[in-house]
Amino acid sequence: QLHFVESGGGAVQPGGSLRLSCSVSAFEYSIGWFRQAPGKKREGVACIHKTDGETHYKEPVKGRFTISRDNAKNTAYLLMNDLLPEDTAIYFCGTGQYRCSDYVTGKRDYEDWGQGTRVTVSS
């Protein structure tokens, strides 16, 4: 079973920034960040391929969030800029055998997830 360590969450005012980190015991083909707000379904945020570095973002975060990874450290990052109240959620890191487009579109679900890190954006 894979082990995840997620960190970097916190409370920030609108317009602020946070950088999330996800260290995993092993990377699969893709690594992604999802989020879940109270009373809502978990939704894809961003995803990156381990090998070719291809990225995929959901529309609400395009231009504001940037996903990256360090394969040598099995660590993925999510830099979140210009945060909005609607970004408030628990953010989860996952990894799986398929391409990013399969996961962020909901075609497939990651088999392994971390515990999540909480992000709160409010004034």
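Note that the structure is a prediction, hence the values are computed from the model and not measured.
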Thr55 OG1 to Phe65 CZ distance, which is reported to the nearest 0.5 Å:
14.0 Å
Measuring from atom CZ of Arg42 to atom NZ of Lys40, what distance do you get when rounded to the nearest 0.5 angstrom?
16.0 Å
Less than 6.0 angstrom separating the ring centers of Trp113 and Phe34, yes or no?
yes
Give the C-alpha distance, both sets of side-chain angles, the deciding distance and a yes or no for side chain to side chain contact (heavy atoms under 4.5 Å, CB included) between Lys50 and Asn71.
CA-CA 7 Å; Lys50 175 184 177 180; Asn71 288 340; 3.6 Å; yes
Return the CG to OG distance between Asn74 and Ser23, rounded to the nearest 0.5 Å.
8.5 Å
How close do Phe4 and Gly94 get, counting heavy atoms only, and between which atoms?
CE2-CA, 4.1 Å
Can you name the nearest heavy-atom pair linking Ser7 to Thr117, along with the distance?
C-OG1, 4.1 Å
Minimum heavy-atom distance Ile31-Ile67, with the two atoms named:
O-CD1, 3.8 Å
Do Tyr29 and Val104 belong together in a cluster built from hydrophobic side chains that touch within less than 4.5 Å?
no
Determine the minimum heavy-atom distance between Val45 and Val61, stating which atoms define it.
O-CG2, 3.5 Å
Which residue, Ser123, Ser122, Pro14, forms the side chain to side chain contact (heavy atoms under 4.5 Å, CB included) with Pro85?
Pro14
Verify same cluster id: Leu83, Phe92 (apolar side-chain graph, 4.5 Å)
no
Once you round to the nearest 0.5 Å, how far does CD of Glu111 lie from CD of Gln1?
11.5 Å
Considering non-hydrogen atoms only, spot the tightest contact between Ser17 and Asn81 and give its length.
OG-OD1, 2.8 Å
Could you name each residue pair satisfying side-chain hydrogen bond (donor to acceptor under 3.5 Å, both in side chains) that touches residues 95-107, not counting sequence neighbours?
none
Which residues pass the side-chain hydrogen bond (donor to acceptor under 3.5 Å, both in side chains) test with Asp87, sequence neighbours left out?
Arg35, Arg64
Hey, what do you get for CH2 (Trp33) to CD1 (Ile48), rounding to the nearest 0.5 Å?
12.5 Å
State which residues pass side-chain hydrogen bond (donor to acceptor under 3.5 Å, both in side chains) with Ser30; sequence neighbours excluded, sorted by chain then number.
Tyr110
Are Tyr77 and Leu79 in one and the same hydrophobic cluster, where Ile, Leu, Val, Met, Phe, Trp and Tyr link if side-chain heavy atoms are under 4.5 Å apart?
no
Counting only heavy atoms not in Gln13, do more than 12 sit closer than 6.0 Å to its CD atom?
no
Do you know which two heavy atoms are closest between Arg69 and His49, and how far apart they sit?
NE-O, 3.2 Å
For His3, does its backbone N or O pair with a side-chain atom of Ser25 as donor and acceptor, under 3.5 Å?
yes
Report the distance from atom CG of Asp112 to atom SG of Cys93, rounding to the nearest 0.5 Å.
10.5 Å
